[in-house]
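Below you'll find the structure, written out as structure tokens, and then a few comments.
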Amino acid sequence: MAKGLTKAFKKALWVYHCNSGSCNGCDIEIIAALCPRYDVERFGIKLVGSPRHADVLLVTGPVTRQMADKVKRVYEQMPDPKVVICVGNCGNTGDVFYESYNLVGPINQVLPVDVHVVGCPPRPEAIIFAVAKAWTKLETLEGK
Amino acid sequence: MKQKTTTKTSYHIPIGPIHPALKEPVFFEFEIDGERIVDVDVKLGHVHRAVEWASRKRNPIQILYIAERICGICSYSHPVAFALAVEDAADIMIPERAEYLRVIQGELERICSHLLWAGVAAHEIGFDTVLFFTWQVRERTLDLTEFLTGNRITKAITMIGGVRRDITKDMLPRIQKDLDYLKECYGKLGKIFLEDKTIKLRSQGAGILTKEDALKLCAVGPTTRASGVKKDVRVDTSYFAYGDLDIDCITPADLTGTVNGDVYDRIIQRLLEVKQSIDLIEQCVDKMPAGDIVAEPKIAKLLAQLKKVNGEGVGRHEAPRGEVIHYVKLDGNDAPFTWKVRAPTYNNILPWIPMLKGEQIADIPIVAASTDPCISCTNRVGIVKDGNKYELTKEQLHKMSVEKTRRLMR
Ligand code: SF4
């Protein structure tokens, strides 16, 4: 678990997942993290259906032109304090699509990203680790 | 959207592009009268990443890895179809052992994809227990994939002229063990999907695609086979080693004796295909001859050889969702002159319209999911005309095509 995390979590972490034009590779790994082998629900981490309920935003994909304003709107709808995790190489750097004319991303051009997860796609373990890191950040934000 | 002249008002409901029921960005506009769907419009283009455009700056081997990232679920089908096209253009003969290895990878991907779909379909009707069970089984299939290729999702196993990793003798017991586990789970899964009342209630008679419509709209893959059209590239063209294997085109009639073309039939179809794939892998492991796994192991030499090629080629492969076609034209440069991908979901989107019309709002997710759509496969078009480069969004293209279908159907 990430450094600085208290043993007992203050609250369950709710996550909203937003696909900004990814290839699905990362998205299925996120779902895989929820399924029995990795089972993040045992930590209280849960995918929710509305950004208004979420503490954490997981963004995948390189942000295509059509999705840029939609991703921003999702971010704005989330209540504070919030953290953004960018999952996958293509959201971090553009990956194989880096020079494409239809990209606005990488994601940190559109949103303030707190945790970057690399890998194409990252393994579920890496995604869970990122969420744990985000947790630390949230707890410090709340402490302020 | 066409205007209704009745006095009753119908409502327009937009769904997407970001919506919890959708796994990928796509936009639907439904025209609703009470609980019934009167009309549907689909808008695409949210995942357009200019993949084909990028290919014009890269050499064929680099393109293999872009092709892999067209879609994370078909991350074997796209590169292999591209490799087939290049091999066709450059007249490369691939070694026989590689043909068998390619079948094994292809079928493994089919199992993963169909299991993933079965889980998502169960989730759409609110049966999450089954989602978790199928994904548990899928994890084992992914373990096997990782064992054979080194990664879970993006496998990087394809090479032009063959594959990159061999299966050695000491790997066989592990493969057999995982296949046995899959067979055992297959029995349980079959029982859940075929006998459970909840699934039957929601899927029987829902989202019917008739054989005529399937033929007319050129549906492909399990979607069309579930409507009774016997269309399967593996059987029709017997590429790779499929010619030597015992494979037959299956339809739901093999199990139930009738074909209705509803969601239930599509479930049966995919389950039968999982069984077929397990069987095909076993046959391959048995029959695989010894030999090389790639025609030209030296990459620099291969690239030099490809640089001399002047010609075009087509690669067809039966991906989990249906026929994927890649077209390549090489003109003696580093990068190909053009590369065109036609992914199966492109054909399977139009059938949504006859399937969804007249259904209830609550049936939208399961009916839409029943064709196993893959939106990220479908969004790529960049066109060069009269020397001016401009992009034609799939939105416009698709709208035109949807309008045409409506005119035809009126
Ligand atoms: S990082 Fe790789 S696997 Fe993930 S969405 Fe991007 S291309 Fe796909």
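In the text below, chain A, chain B and the rest are named by the order of the sequence lines, each starting its count at 1.
If you measure heavy-atom distances from A:Pro121 to chain B, the contacts under 4.5 Å come from both the backbone and the side chain. Contact of B:Thr154 with chain A is made through backbone and side chain together, with heavy-atom distances under 4.5 Å. If you measure heavy-atom distances from A:Arg123 to chain B, the contacts under 4.5 Å come from the side chain alone. If you measure heavy-atom distances from A:Leu34 to chain B, the contacts under 4.5 Å come from the backbone alone. Neither the backbone nor the side chain of A:Pro122 comes within contact range of chain B, judged by heavy atoms closer than 4.5 Å. With a threshold of 4.5 angstrom between heavy atoms, B:Arg152 approaches chain A through side-chain atoms but not through N, CA, C or O.
Atom CZ of B:Arg174 is surrounded by more than 12 heavy atoms from other residues, nucleotides or ligands within 6.0 Å.
Between chain B and the residues A:Thr60, A:Leu103, A:Asp39, A:Ile28, the most heavy-atom pairs under 4.5 angstrom are made by A:Ile28. Most heavy-atom pairs under 4.5 Å with chain A: of the set B:Leu131, B:Asp143, B:Asn151, this distinction falls to B:Asp143.
Counting heavy atoms from C-beta outward, B:Arg138 and A:Arg37 have side chains that stay 4.5 Å or more apart. Side-chain contact between A:Cys120 and B:Arg69: present, with at least one pair of heavy atoms (C-beta onward) separated by less than 4.5 Å.
Checked against A:Val96 for a side chain to side chain contact (heavy atoms under 4.5 Å, CB included), the options B:Gln62, B:Glu68, B:Arg58 give a single hit: B:Arg58.
Nearest heavy atom pair, residue B:Ile70 against residue A:Cys23, reads O-CB, 3.9 Å. Closest approach of B:Trp53 and A:Glu99 over heavy atoms only: CZ3-O, 3.4 Å. Of all the heavy atoms in A:Gly25 and B:Ile153, the pair that sits closest is CA-CG2, 4.0 Å. Nearest heavy-atom pair across A:Ala32 and B:Trp135 is N-CZ3, 3.7 Å.
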